[in-house]
Amino acid sequence: MRSLLLLALLLSGCGWMWDQPKVKAFRESPLPLAFPEDRVALGENLDQAVRLGLKPEGGFAENPYAFAEADLLRGKALYQSFCAICHGVRGEGDGRAIPLGVPKPRSFRDPAVRDQPEGYFYFAATNGFGRMLPYKSRIPERERWLIAHYIKRCLLLEACPEEVGHAEVH
């Protein structure tokens, strides 16, 4: 009975849903849409040194961010969450995954690695290195730079603040 009543209303030309104002797909928008030409997508940096970790003239870039001492604690937590499983807590390539059959990564203390700028570690984390998977989609850009800063400052230069060095992060 109810469906017959609805059908009668539709056939009588009532058309209450058809006559209401609305925007239909594939028609021009009633609202003006204007985007600035120099617009950048959220999270996308156009500076090659920041985005890729590479200098335009070649070689690895220095860290474009100025991190505070307090940021190193976050860097340590990120390093231990993503990197220490293979690279080890001190960056010697002796992580927990190595006895399980993962190929041993090169130690950060190797002179060829130790002398690299932070852009080297950022580039490796972004794009992967050898069998290492890329972390570009897993770790935001600024935090990858923070991990690179932690590796260089705390693990290689051993210039980490005492409260960061002794802090237990999980």
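Residue numbers count from 1 along this sequence.
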**Q** Would you call E158 and R90 a salt bridge, taking side-chain N to carboxylate O under 4.0 Å as the test?
**A** no

**Q** Return the minimal non-hydrogen interatomic distance between A112 and R106, and the atom names on each side.
**A** CB-NH1, 3.7 Å

**Q** Does the K152 side chain pair with the main chain of Q116, one donor and one acceptor, at a distance under 3.5 Å?
**A** yes

**Q** Give, for atom CG of L52 and atom NZ of K136, the distance between the pair rounded to the nearest 0.5 Å.
**A** 7.0 Å

**Q** Ignoring hydrogens, what is the shortest heavy-atom contact between A167 and L73? Give both atom names and the distance.
**A** CB-CD1, 3.5 Å

**Q** Once rounded to the nearest 0.5 Å, what's the spacing between atom CZ of F121 and atom CG of L156?
**A** 5.0 Å

**Q** If I compare all heavy atoms of L72 with all of P161, which pair ends up nearest, and what's the gap?
**A** CD1-CD, 3.5 Å

**Q** Between R142 and D71, is there a side-chain heavy-atom distance shorter than 4.5 Å?
**A** yes

**Q** Answer yes or no: is there a side-chain heavy-atom contact under 4.5 Å between P105 and I98?
**A** yes

**Q** Heavy-atom distance under 4.5 Å between the side chains of Y79 and H87, does that happen here?
**A** yes

**Q** Is there side-chain contact between H149 and Y65, with at least one heavy-atom pair below 4.5 Å?
**A** no

**Q** Nearest 0.5 angstrom please: Y122 OH to E143 CD, how far?
**A** 11.5 Å

**Q** Working to the nearest 0.5 Å, report the span between CG of D115 and CG of D110.
**A** 9.5 Å

**Q** If I compare all heavy atoms of I147 with all of C83, which pair ends up nearest, and what's the gap?
**A** CG2-SG, 3.9 Å

**Q** Roughly how far, to the nearest 0.5 Å, is CH2 of W145 from CD of E62?
**A** 8.0 Å

**Q** Less than 4.0 Å between a side-chain N and a carboxylate O, is that true for R109 and E92?
**A** yes

**Q** Is the shortest heavy-atom distance from the side chain of P64 to the side chain of D47 under 4.5 Å?
**A** no

**Q** For C160, does its backbone N or O pair with a side-chain atom of R153 as donor and acceptor, under 3.5 Å?
**A** no

**Q** Please name the pair of heavy atoms, one in K55 and one in A61, separated by the smallest distance, quoted to 0.1 Å.
**A** CG-CA, 3.9 Å

**Q** Looking at CG of L157 and CD1 of I151, how far apart are the two atoms once the value is rounded to the nearest 0.5 Å?
**A** 12.0 Å

**Q** Less than 3.5 Å apart, any donor N or O on the side chain of Q80 or Y150 sitting next to an acceptor on the other?
**A** no

**Q** Name the orientation class of the two ring planes belonging to F82 and Y135 (parallel below 30°, tilted from 30 to 60°, perpendicular beyond 60°).
**A** perpendicular

